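Structure first, then comments.
Keep in mind the model is a prediction, meaning the values are calculated, not measured. Heavy atoms only: backbone and side chains are in, while hydrogens, waters and symmetry mates are out.
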Amino acid sequence: MNVEYFNRAIADIGGINPKLTGLDFIISYLTQFLVTGKFWTIFSLLFGMGFAVMLTRADKAGRSFLVPYMRRLAALAVFGACHHIFLWGGDILFSYAVGATCLLITLFGRPKYIIAAIILSLLLGFAPKVAVMAGLVAEKSAPDLGFFFGLAGSLAFFSVVAWWLRGDTRVKKLNMPAVALLLLVVGIVALIAAVVVWVMPNAPREPRMGLPVFGLVATTLGVLTYKFHEPKAARPWRLGIGMYLLAFSMMTGVGGMLYAFPENAEPVAQATAATPATGKAAEAAKAKAEKAAERAKRRKEREEEVKKETQVATTGSYSDHLVVRAEHFAKNAPGELGFAPIVVGMFLLGYWFVRAGIMENTRAHLPLFRKLAIYGLPFGIGLGLLGSAIAIYPVQGSNGADGFQLAMGMQFLGNLPACLGYVSLVILMLHSSSVFSKIRVLAPLGRMALTNYLTQSLVGALYYFGWGFGHFGASRAHQMAYVVCLIVLQVAFSHFWLARFRYGPMEWLWRAITYWTIPSMKLEKPSGVPAIAGGV
């Protein structure tokens, strides 16, 4: 998956390159619908499993969990930031560190501390405006601390998530969970607001498209919470699936609205209402022109960003690369809070798989894995393929009318069942007595996942970028040949290394920081590598 973005600007991410033809197009199409989105979800699931394993082991040993785990997350954040800045801008490690921090809030956060953090974040966000109003600083020189408003919103969101997961408050008169009532009220209010917006002449397009979808999703979540909030043991997987589907249901719904009601279509209210004054029509035309100008400006900025990134990747020096990547990291790091609910959803699902004992004894749960593979793979991949009949790449300036957002939303919705299907397929292969059981040859590669992930970026940067061997822009067929060669070499190296050492190099460093000790590295007697082993 990642190799494409060693040959294509990160700013250009999304969909199949419309310029591809022949074998390059076929490879991109298969990658898009068999790989894209399926594997960061798998790694997120595994990350949640690792969290649960570490928590379970700490509980059994009677040792501290939170302090070592916070060191673990801090190290992961540093690894991710360094990876992004020094090697490649498609890093996922920093995203996992932010998401895992939000997971800690969800599982262990105390209401009084969360509320205090929300209040502090709001105060910091308003501080520059207050300073300007008080005449302490000039408006132009006031720092932009808008990030803290986003932080306050994220904390509020995860406080509701924690309430859903851990809370037991019920509305006795209605005999329903209080959190279900909250979701129903929010959803119904949003639906009423959506009706109002749709009958208003010249209403803004954004709420016209978004409010009906949000209201329907929130109401649906309220009904599902009412019916499925119990038993408590099932809440992690139900909440995890719900959090993942929440974001992409919104994406799909809004994409469907944009596709069904393109911007040049006459709104319902305008088509049915009389037009008493030309002044309102002029104002509407002016607002429409301003929006078009703003979209054109954003499109130009994106094109410039793609052009700059491509130039640096092809002809720039390593110092040019560092400057661009550092700017990109500083710009995008605050946005990881917006991605956190999705990865936390996957973390919770992986957490449940371990805490429910399923991963401890996979053989006893083979019927579950068979169902997930039989139904998850065709449904998940099929949903993406269905979306591909609508659009496979965005059309510049279409503002959603090209159906690309709808198609991508369908693919992302399908990524969850496809991810579970892939995981289940691997487990079924491991328990098979046929040739498929040979898949365990890949186990050492997985036991050194962090080392191999960073090594792929190091080799990819050296091979493709201009400050290395300069193969940026290689064909997709070339890229796949490169991938096969690199993976074969990494499988061989992982077997060689783990026959002599307990951990991969980066796994050893990460473990040392986590437990603040120097783990034993060398095996006493080098031998063959066990196919499946610990080391989560």
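- Formation of a donor-acceptor pair under 3.5 Å by the Glu507 side chain with backbone atoms of Leu450 is found in this model.
- Formation of a donor-acceptor pair under 3.5 Å by the Trp198 side chain with backbone atoms of Arg208 is found in this model.
- Here the shortest heavy-atom pairing between Met346 and Cys419 reads CE-SG, 4.0 Å.
- Counting only residues at least two apart or in different chains, side-chain hydrogen bond (donor to acceptor under 3.5 Å, both in side chains) contacts with residues 237-246 are absent.
- Once rounded to the nearest 0.5 Å, the distance linking OH of Tyr113 with CD1 of Ile118 reads 15.0 Å.
- Side-chain contact between Leu103 and Leu348: present, with at least one pair of heavy atoms (C-beta onward) separated by less than 4.5 Å.
- In this structure a side-chain-to-backbone donor-acceptor pair under 3.5 Å is present from Asn452 to Leu445.
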Should Phe43 and Ile92 be marked as a side chain to side chain contact (heavy atoms under 4.5 Å, CB included) after you check the CA-CA gap, both sets of side-chain angles, and the distance that decides it? CA-CA 10 Å; Phe43 288 130; Ile92 194 72; over 6 Å; no

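- The side chain to side chain contact (heavy atoms under 4.5 Å, CB included) check on Glu303 picks up Arg299, with sequence neighbours excluded.
- The CE atom of Met251 sits 13.5 Å away from atom CG of Leu245, with the distance rounded to the nearest 0.5 Å.
- Residues satisfying the ring pair (Phe, Tyr, Trp, His ring centres under 6.0 Å) criterion with Phe148, sequence neighbours excluded, are absent altogether.
- Panel note: side chain Arg71, backbone Thr514; a donor-acceptor pair is recorded below 3.5 Å.
- Identified under the ring pair (Phe, Tyr, Trp, His ring centres under 6.0 Å) test for residues 52-77, with sequence neighbours left out: Phe51-Phe65, Phe51-Tyr69, Phe65-Tyr69.
- Qualifying side chain to side chain contact (heavy atoms under 4.5 Å, CB included) partners for Leu120, counting only residues two or more places apart in sequence or in other chains: Leu124.
- Residue Leu383 comes nearest to Gly414 through the heavy atom pair CD2-N, 3.6 Å, listed as atom of the first residue, atom of the second, then distance.
- With sequence neighbours left out, Phe353 forms a ring pair (Phe, Tyr, Trp, His ring centres under 6.0 Å) with no residue at all.
- The environment of NZ in Lys227 is sparse: at most 12 heavy-atom neighbours from other residues, nucleotides or ligands sit within 6.0 Å.
- Interatomic distance, Leu372 CG to Leu420 CG, rounded to the nearest 0.5 Å: 5.5 Å.
- Among pairs with a residue in residues 139-150, none fulfils salt bridge (charged side-chain N to carboxylate O under 4.0 Å, His left out), at least two apart in sequence or across chains.
- Within the 3.5 Å criterion, the main-chain N or O of Glu336 finds no donor-acceptor partner in the side chain of Ser95.
- Residues Ala340 and Val98 come closest through the heavy atom pair CB-CG1, 4.5 Å.
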Candidate pair Phe347 and Val343, rule side chain to side chain contact (heavy atoms under 4.5 Å, CB included), full reasoning: CA-CA 6 Å; Phe347 290 169; Val343 294; 4.2 Å; yes

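- Judged by distance alone, with hydrogens and angles left aside, the side-chain atoms of Trp352 form no donor-acceptor pair with the main-chain N or O of Ala234 at under 3.5 Å.
- By the 4.5 Å heavy-atom criterion applied to side chains, Trp516 and Val67 are not counted as neighbours.
- Judged by distance alone, with hydrogens and angles left aside, the side-chain atoms of Gln405 form no donor-acceptor pair with the main-chain N or O of Val254 at under 3.5 Å.
- For the pair Lys232 (side chain) and Gly167 (backbone), a donor-acceptor distance under 3.5 Å is absent.
- In terms of the ring pair (Phe, Tyr, Trp, His ring centres under 6.0 Å) criterion, residue partners of Phe126 (sequence neighbours excluded) are, by chain and number, Phe149.
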Return all side-chain donor-acceptor pairs below 3.5 angstrom for residues 213-220, not counting sequence neighbours, or 'none' if the list is empty.
unit_1, atom_1, unit_2, atom_2, d
Thr219, OG1, Gly215, O, 2.7
Thr220, OG1, Leu216, O, 2.7

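- One finds the CD1 atom of Ile513 at 12.0 Å from the CG atom of Leu73 (value rounded to the nearest 0.5 Å).
- Thr36 places a side-chain N or O within donor-acceptor distance of the main-chain N or O of Thr31, the cut-off being under 3.5 Å.
- Between Leu246 and Pro341, the closest side-chain pair of non-hydrogen atoms is not below 4.5 Å.
- Taking every heavy atom of both residues into account, Gly345 and Met243 meet most closely at CA-CB, 4.0 Å.
- More than 12 non-hydrogen atoms from other residues, nucleotides or ligands lie less than 6.0 angstrom from CE of Met521.
- Counting only heavy atoms from C-beta outward, the side chains of Arg355 and Pro236 never approach each other to under 4.5 Å.
- Nearest heavy-atom pair, Ala407 versus Ala391, reported as atom, atom and distance to 0.1 Å: CB-O, 3.5 Å.
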Applying side chain to side chain contact (heavy atoms under 4.5 Å, CB included) to Trp163 and Leu182, what does each step give before you reach the verdict? CA-CA 11 Å; Trp163 182 23; Leu182 173 65; 3.6 Å; yes

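- Between Val323 and Ser319 there is no side-chain heavy-atom pair separated by less than 4.5 Å.
- Expressed to the nearest 0.5 Å, how far CG of Leu258 lies from CG of Leu406 amounts to 9.5 Å.
- Within the 4.5 Å cutoff, the side chain of Leu104 has heavy atoms near those of the Met70 side chain.
- The two atoms that bring Val137 and Ser141 nearest to each other are CB-OG, 4.2 Å, heavy atoms only.
- Evaluation of the side chain to side chain contact (heavy atoms under 4.5 Å, CB included) rule for Ser520 yields Arg502 as partners, not counting sequence neighbours.
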Could you walk me through whether Tyr453 and Leu93 pass the side chain to side chain contact (heavy atoms under 4.5 Å, CB included) check? CA-CA 10 Å; Tyr453 172 68; Leu93 303 179; 3.7 Å; yes

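- Rounded to the nearest 0.5 angstrom, Asp168 CG and Glu230 CD are separated by 6.0 Å.
- The aromatic rings of Trp510 and Phe47 are tilted relative to each other, their planes meeting at an angle between 30° and 60°.
- In terms of modelled atom types and a separation under 3.5 Å, the side chain of His365 and the main chain of Met359 share no donor-acceptor contact.
- Tyr226 is not listed as a side-chain neighbour of Leu174, based on a closest heavy-atom distance of 4.5 Å or more.
- A salt bridge is defined here as a Lys NZ or Arg NE, NH1 or NH2 lying under 4.0 Å from an Asp or Glu carboxylate O, and Glu294 with Arg298 meets this definition.
- The closest side-chain heavy-atom distance from Glu305 to His328 is below 4.5 Å.
- In this structure Trp40 satisfies the ring pair (Phe, Tyr, Trp, His ring centres under 6.0 Å) test together with Phe339, sequence neighbours excluded.
- Considering only residues two or more places apart in sequence or on other chains, Ala77 meets the side chain to side chain contact (heavy atoms under 4.5 Å, CB included) condition with Phe94, Ala97.
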